[in-house]
Chemist: 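Input: one structure, supplied below.
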Amino acid sequence: MSGDNRFMGLIYLSPYILGLMVFTALPFLASLYLSFTNYNLMDAPVFTGLANYIKLFTADRTFRKSLWVTLIYVFTTVPLKLAFALFMAVILNYKLKFINVFRTAYYVPSILGGSIAIAVLWRYIFADVGLVNMGLQLIGFEPVNWFGDPTNALFTITLLRLWQFGSAMVIFLAALQSIDKTLYEAASIDGAGKWTGFVYITLPLITPVIFFNLIMQMVQAFQEFNGPYIITQGGPLKSTYLLPIYIYDEAFKRFDMGYASAIAWVLFVIIMALTLIAFWSSRHWVYYAGDKRG
Amino acid sequence: MKTLIMTAALFAATSLSPLSLSTASAANLRMSWWGSDDRHIATQEALKICGAKFGHTIAPEFTGFQGHQEKVATQLAGRTEADIMQINWPWLPLFSKSGDGFADLNQFKDIIDLSQWSKSDLDDGTVKGKLNGISVSTTGRVFMFNKTTYDKAGVPIPKTWDDLIAAAPVMKEKLGKEYFPFEGAALDARLVVVLRTTQKTGKDLIDPATNKVAWTQAELAEGLKFYQTLVDKGVIESWKTVAAGGNKPLHENQKWAKGQIAGTYQWDSTYGKIATPMEKGQELVPVKLLTIEGAKTDGVYRKPSMLFSISKNSKDPKAAAQVLNCLLNDPEAAKILGATRGIPSSKVALDTLNKEGKVKPVQLEAYKRVMEPTSPGVSPLNEHPRVTEVFDTNFEAYAYGQQSAEDTAEEIIAGINDALTGI
């Protein structure tokens, strides 16, 4: 490499590195420092040691409730969404007429799903006099209190997330299409049916993609904000009060940046821990090309 | 390379030229506010007039109310706030605890004609002796009823709480069980409880002398039970039912538009907003506060609807003061702004609007309902985010039947006192 070009790669990368430092790394570290302070935006931060964390774990009932709701939400939506995305990908992997139209149609909710407009639409669809209840009444059922009942509210929010299965589906679809068809032919000659082929050929071969989708969906689910914030504002009775909403309320409604930063760091540690567990467990169920395991 | 240097020099010279040509007195200012379209249009027009009078240019920054507080807070933290700001009165304890959060407008009394405001108006904007903001208008909660629905049911518009409760069964019998003479959940329900308890005790929620809850547990518990009475008697929909509708604001609620919900307790300045979506032929009337026998006060919840403040970081606070004075006291600006921020507190602005017939009779009627009744005074801490969080969380639990009125009152009082410690 000539002297003139020695730093070319670094120059090309510098806008990204600069952006990463200024907009991610710096706030990341700043929030760690702020989590040990009492900071209300107006006055300078005052160092308070572990006070925020002690309050969080010993005296904050809202945090406990919010953490519980968040865990239920994540452990419900992630497996359901992955299963549904895989199911749809398998169907859309068949050579059907207008298959590209179907693929596009099923992907569209993923583009729109996280938007404010869709959240508002969701609020109208599931309202007491909304489309869903009208449909239920048409077929003879009683209308359901989707938002006012604490048990149903989280389910309604979960449905909005499941509806956005498109991005995971596209990744599954790409993985399914990369599987060598001769494997199925060989299995078929040996008498394997479609289900056996799916369980013993498809699933093992797409485990790296399942693993990737699992990590991505889990991280995204922990960070869910738009839907519940617009639709239920975390209610009723904090039944949809996910941790990101709690962080936002503490930071921008009650201006307790120190406490909000502490919650954000606890959330980060939870996500990191679960990701590490997933990576550790992947040794037992994820199979890569050239893997010699029996 | 030569060309590049020449181009850069030319660019720098041209971009700096407006600065070098500007006169010493002319200033480039920014003004931020929240509101609806009519306010946005009128304010931009008024800023042009006021800017032209002094040779200043004022860049407008406007949003809806939702999210505006967060925007102002982050701007204040980053010292990038606008020179002139529309500030919500309850934000003063948050943004200017010691009175140093905004410029002290007393320093500009040779520019701003402070004689146009009453002492009480100026006191409302004063923190620790510093005039942090000037009251633009006064607002308060008033009762408004759908006269058309009440007439159809053959029920007179209520004057007392008992009248209101008595209206429910008649209205349901005559018009159907989906009809309610009143509404209340979340904020509206909290303010009904506050009103009722203030009327009975003669005290506001927060005692300004101690910054603690002024009510006893029994007094607050009675107020909470009154809310439950309204639900049980079919006067208002339950909290759960309102939540089922998606917690839509009143002006987006179909039941309100159709007249099935026939009464509310709202800010007087929202009359236009909630009257507009009502179906054709329906009449909304603001009335006097409902009364109760043995009340110690009318209990009106009256406060400055908003303040105009000047940034303490403004590079040209005198220019900002000139514009602020123009917006609030100049007859020409007053005519343009009309009642887009409520009925003005400035005497000269109010006189101008009255002379020009710029205030609708029904707006004046609602304003009268706010200004006439007695009140023990309202602390800005009533709307402190920690106070509302504690109140609403526990109140909701009570409304859902998860805890008793007594336990709820105890939790609210302890929570608020704890939250306000040190404020």
Side-chain angles (χ1 to χ4, degrees), chain A residues 34 38-46 55 59 61-62 65-66 116 119-130 132-133 143-153 156 228-241 246 248-257 259-260, chain B residues 66-79 91 93-98 100-102 178 185-186 237-248 252-255 258 260 384-390 392-403 411 415 418-419 422-423:
Chain A
L34 289 176
N38 180 5
Y39 179 43
N40 64 7
L41 272 182
M42 299 301 125
D43 307 309
V46 178
K55 181 183 164 194
R61 280 184 297 178
T62 304
K65 171 86 182 174
S66 183
I116 304 296
V120 172
L121 181 68
W122 216 253
R123 199 171 70 176
Y124 279 91
I125 289 174
F126 284 92
D128 50 354
V129 288
V132 174
N133 274 345
V144 175
N145 189 341
W146 297 103
F147 299 134
D149 190 313
T151 324
N152 299 336
T156 314
Y229 186 73
I230 299 293
I231 298 168
T232 59
Q233 295 93 47
L237 297 171
K238 305 232 183 289
S239 59
T240 58
Y241 201 55
Y246 190 30
Y248 176 82
D249 282 352
E250 282 297 321
F252 294 104
K253 286 196 171 158
R254 301 191 267 279
F255 303 108
D256 196 342
M257 289 290 167
Y259 199 61
Chain B
Q66 193 79 20
H68 194 79
Q69 184 182 5
E70 292 90 320
K71 182 184 165 185
V72 172
T74 43
Q75 285 182 329
L76 286 170
R79 298 181 185 182
W91 298 351
L94 292 168
F95 296 153
S96 187
K97 264 191 257 181
S98 55
D100 294 325
F102 301 99
E178 68 277 19
E237 289 181 305
S238 71
W239 198 303
K240 200 172 178 175
T241 307
V242 175
N247 293 308
K248 287 193 282 277
E252 289 178 21
N253 191 330
Q254 281 186 353
K255 295 173 191 171
K258 287 178 182 169
Q260 291 171 347
H384 190 285
R386 290 273 174 217
V387 171
T388 55
E389 159 71 5
V390 169
D392 293 347
T393 301
N394 285 290
F395 189 14
E396 187 187 29
Y398 169 69
Y400 269 78
Q402 301 227 325
Q403 55 192 34
E411 292 272 346
D418 185 41
I423 291 179

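Protein chains get the first letters and strands the later ones, always in sequence-line order, with residue 1 at the start of each. Source: prediction; values computed, not measured.
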Chemist: Please classify the contact between A/Leu41 and chain B as side chain, backbone, both or neither, with a heavy-atom cut-off of under 4.5 Å.
Modeler: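 For A/Leu41, backbone and side chain are both near chain B.
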Chemist: Does any heavy atom of chain B fall under 4.5 Å from the side chain of A/Asn40, the backbone, both, or neither of them?
Modeler: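 Side chain only.
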Chemist: Where on B/Ser98 is there a heavy atom nearer than 4.5 Å to chain A: the side chain, the backbone, both, or neither?
Modeler: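 For B/Ser98, no heavy atom lies under 4.5 Å from chain A.
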Chemist: Looking at A/Arg123 and B/Glu252, is any side-chain nitrogen of the basic one under 4.0 Å from a carboxylate oxygen of the acidic one?
Modeler: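 The answer is yes: the pair qualifies as a salt bridge.
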Chemist: Report the distance from atom OG1 of A/Thr151 to atom CG of A/Asn145, rounding to the nearest 0.5 Å.
Modeler: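 Spacing of OG1 (A/Thr151) from CG (A/Asn145) equals 10.0 Å.
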Chemist: Any side-chain to backbone donor/acceptor pair from B/Asn394 onto B/Val390? Under 3.5 Å, distance only.
Modeler: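 Yes: the side chain of B/Asn394 pairs with the backbone of B/Val390.
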Chemist: Of all residues at least two apart in sequence or in a different chain, which pass the salt bridge (Lys or Arg N to Asp or Glu O under 4.0 Å) check with B/Glu411?
Modeler: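 B/Glu411: salt bridge (Lys or Arg N to Asp or Glu O under 4.0 Å) contacts with A/Arg61.
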Chemist: Is B/Lys71 in contact with chain A via its backbone, its side chain, both, or neither, using a 4.5 Å heavy-atom distance?
Modeler: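 For B/Lys71, there is no contact with chain A at all, as no heavy atom is under 4.5 Å.
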Chemist: Under the salt bridge (charged side-chain N to carboxylate O under 4.0 Å, His left out) criterion, do A/Arg254 and B/Glu389 qualify, and how do the steps go?
Modeler: CA-CA 9 Å; A/Arg254 301 191 267 279; B/Glu389 159 71 5; 3.4 Å; yes
Chemist: Quick check for you: among B/Ala397, B/Gly101, B/Gly246, B/Ala399, which has the greatest number of heavy-atom pairs under 4.5 Å with chain A?
Modeler: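 Highest number of pairs under 4.5 Å: B/Gly246.
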Chemist: Quick one: of A/Asp128, A/Asp249, A/Asp149, who has the most non-hydrogen atom pairs under 4.5 Å with chain B?
Modeler: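 Between A/Asp128, A/Asp249, A/Asp149, the count favours A/Asp128.
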Chemist: With sequence neighbours excluded, what pairs up with B/Arg386 under the salt bridge (Lys or Arg N to Asp or Glu O under 4.0 Å) test?
Modeler: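 Expected list: A/Glu250, A/Asp256.
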Chemist: Quick check on B/Tyr400 against chain A: is it the side chain, the backbone, both or neither that has a heavy atom closer than 4.5 Å?
Modeler: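 Only the side chain of B/Tyr400 comes within 4.5 Å of chain A.
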Chemist: Kindly compute the distance separating NZ (A/Lys65) from OH (A/Tyr246), expressed to the nearest 0.5 Å.
Modeler: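 It comes to 13.5 Å.
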Chemist: Looking at B/Ser238, B/Pro385, B/Ser96, which one has more heavy-atom pairs under 4.5 Å with chain A than the rest?
Modeler: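 Among the listed options, the one with the most contacts to chain A is B/Pro385.
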Chemist: Can you tell me which of A/Tyr248, A/Phe126, A/Trp146, A/Trp122 forms the most heavy-atom pairs within a distance under 4.5 Å of chain B?
Modeler: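 Sorted descending by pairs with chain B, the first entry is A/Tyr248.
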